[in-house]
Amino acid sequence: MVRIRHQRPQQARRGTTIVETAVVMPVFALFLAALIEFGHAYMTIGTMQAATKSAAQIGSLDDRTTADIVARVNQVMSSAVRTGTMQVLVKNGSQFDQPGATGESIDIDTLPDVEVGSLETSELFIVEVRIPYNDVAIMPPFWARNITLTARSVMRHE
């Protein structure tokens with residue numbers, strides 16, 4: 001037995017491409033925007049880590065002050081983001097030398113501020129940078145309103 005296929009006329013599929021594009025395009029655009037936003041956030045975090053590391057290295061030298069550390073952080077960070085709401089903390093890290101102390105067990109906010117120039121040889125200090133994510137985001141997502149990006153370096157004074 002021979003079957004005869006009835007082919008649809010081209011006009012019956014006329015709007016299919018437009019409908020498929022209308023369904024797929026918003027999902028693709030959202031994915032692309034998220035990819036760009038996460039890439040920018042990771043770039044910002046990388047810059048923050050580089051800034052704290054560079055500032056801590058400068059602060060480990062004898063003739064440097066806390067103001068030098070803050071200036072170095074601002075110099076590095078200003079190349080990537082607006083630094084208006086950025087917070088730079090320089091804290092005494094001697095609690096890390098105590099037995100059983102870990103980064104999770106010590107609250108950085110409770111540590112005393114320190115003038116790096118007055119530290120003794122081999123004393124620890126911490127450089128931390130905080131910046132609200134909304135201030136550096138390209139397109140701040142609704143689910144990331146109260147996130148603060150943080151980077152920290154710990155160094156011994158020499």
Novice: Measure the shortest side-chain to side-chain distance between Thr52 and Glu128 over non-hydrogen atoms and say whether it is less than 4.5 angstrom.
Specialist: no

Novice: If you count the non-hydrogen atoms of other residues, nucleotides and ligands that lie under 6.0 Å from CD1 in Ile18, is the total more than 12?
Specialist: no

Novice: Can you measure from CD1 (Ile131) to CE (Met77) and round to the nearest 0.5 angstrom?
Specialist: 5.0 Å

Novice: Run the side-chain hydrogen bond (donor to acceptor under 3.5 Å, both in side chains) test against Ser94 and tell me which residues pass, sequence neighbours left out.
Specialist: Asn92

Novice: Any idea which heavy atoms bring Met139 and Ala33 closest together, and the distance?
Specialist: CE-O, 3.7 Å

Novice: Taking Ile58 as the starting point, is it possible to reach Leu124 by hopping between hydrophobic residues whose side chains are less than 4.5 Å apart?
Specialist: no

Novice: Can you name the closest pair of heavy atoms from Leu149 and Met48 and give their distance?
Specialist: O-CE, 3.2 Å

Novice: How close do Arg156 and Ser122 get, heavy atom to heavy atom, and via which atoms?
Specialist: NH1-O, 2.7 Å

Novice: For Val27 and Val23, which heavy atoms make the closest approach, and how far apart are they?
Specialist: CG2-O, 3.9 Å

Novice: Just to verify, what does Ser78 make a side-chain contact (heavy atoms from CB on, under 4.5 Å) with, not counting sequence neighbours?
Specialist: Thr83

Novice: Does any pair with a residue in residues 37-64 pass salt bridge (Lys or Arg N to Asp or Glu O under 4.0 Å), and if so which ones, sequence neighbours excluded?
Specialist: none

Novice: Hey, could you give me each pair passing salt bridge (Lys or Arg N to Asp or Glu O under 4.0 Å) that has a residue in residues 74-94? Not counting sequence neighbours.
Specialist: Lys91-Asp113

Novice: Can Ile69 be reached from Leu89 by stepping across I, L, V, M, F, W or Y side chains whose heavy atoms are under 4.5 Å apart?
Specialist: no

Novice: Who pairs with Val76 by side-chain contact (heavy atoms from CB on, under 4.5 Å), at least two apart in sequence or on another chain?
Specialist: Thr47, Ala51, Arg72

Novice: Hey, what do you get for CD (Gln49) to OG1 (Thr44), rounding to the nearest 0.5 Å?
Specialist: 11.0 Å

Novice: Shortest non-hydrogen contact from Val116 to Gly59?
Specialist: CG1-O, 2.9 Å

Novice: Is the backbone N or O of Val136 less than 3.5 Å from a side-chain atom of His40, with the two atoms forming a donor-acceptor pair by type?
Specialist: yes

Novice: Please determine whether the number of non-hydrogen atoms from other residues, nucleotides or ligands lying under 6.0 Å from atom CG of Asp109 exceeds 12.
Specialist: yes

Novice: Passes side-chain contact (heavy atoms from CB on, under 4.5 Å), Met86 versus Val73? Steps please.
Specialist: CA-CA 10 Å; Met86 182 178 66; Val73 169; 4.0 Å; yes

Novice: Would you say the side-chain atoms of Thr150 pair up with the backbone N or O of Arg130, donor to acceptor, closer than 3.5 Å?
Specialist: no

Novice: Report yes or no: do Ile45 and Val127 belong to one cluster of Ile/Leu/Val/Met/Phe/Trp/Tyr joined by side chain heavy-atom distances under 4.5 Å?
Specialist: yes

Novice: Got His157 and Glu120 here, is their nearest side-chain heavy-atom distance under 4.5 Å?
Specialist: no

Novice: Stepwise, does the side-chain contact (heavy atoms from CB on, under 4.5 Å) test hold for Thr16 with Val19?
Specialist: CA-CA 5 Å; Thr16 306; Val19 171; 5.9 Å; no

Novice: What's the spacing between Ile147 CD1 and Asn134 CG if we round to 0.5 Å?
Specialist: 8.5 Å

Novice: Going by ring-ring contact (aromatic ring centres under 6.0 Å, His included), name the residues that satisfy it together with Tyr42, two or more places apart in sequence or in a different chain.
Specialist: none

Novice: Do any N or O atoms from the side chain of Thr66 and from the backbone of Val114 form a donor-acceptor pair under 3.5 angstrom?
Specialist: yes

Novice: About how many Å separate CD of Gln75 and CG of Asp68, when rounded to the nearest 0.5 Å?
Specialist: 11.0 Å

Novice: Going from CG on Leu30 to CG on Leu35, what distance comes out if it is rounded to the nearest 0.5 angstrom?
Specialist: 11.0 Å

Novice: Which value, rounded to the nearest 0.5 Å, describes the distance between Ile138 atom CD1 and Ile36 atom CD1?
Specialist: 7.0 Å

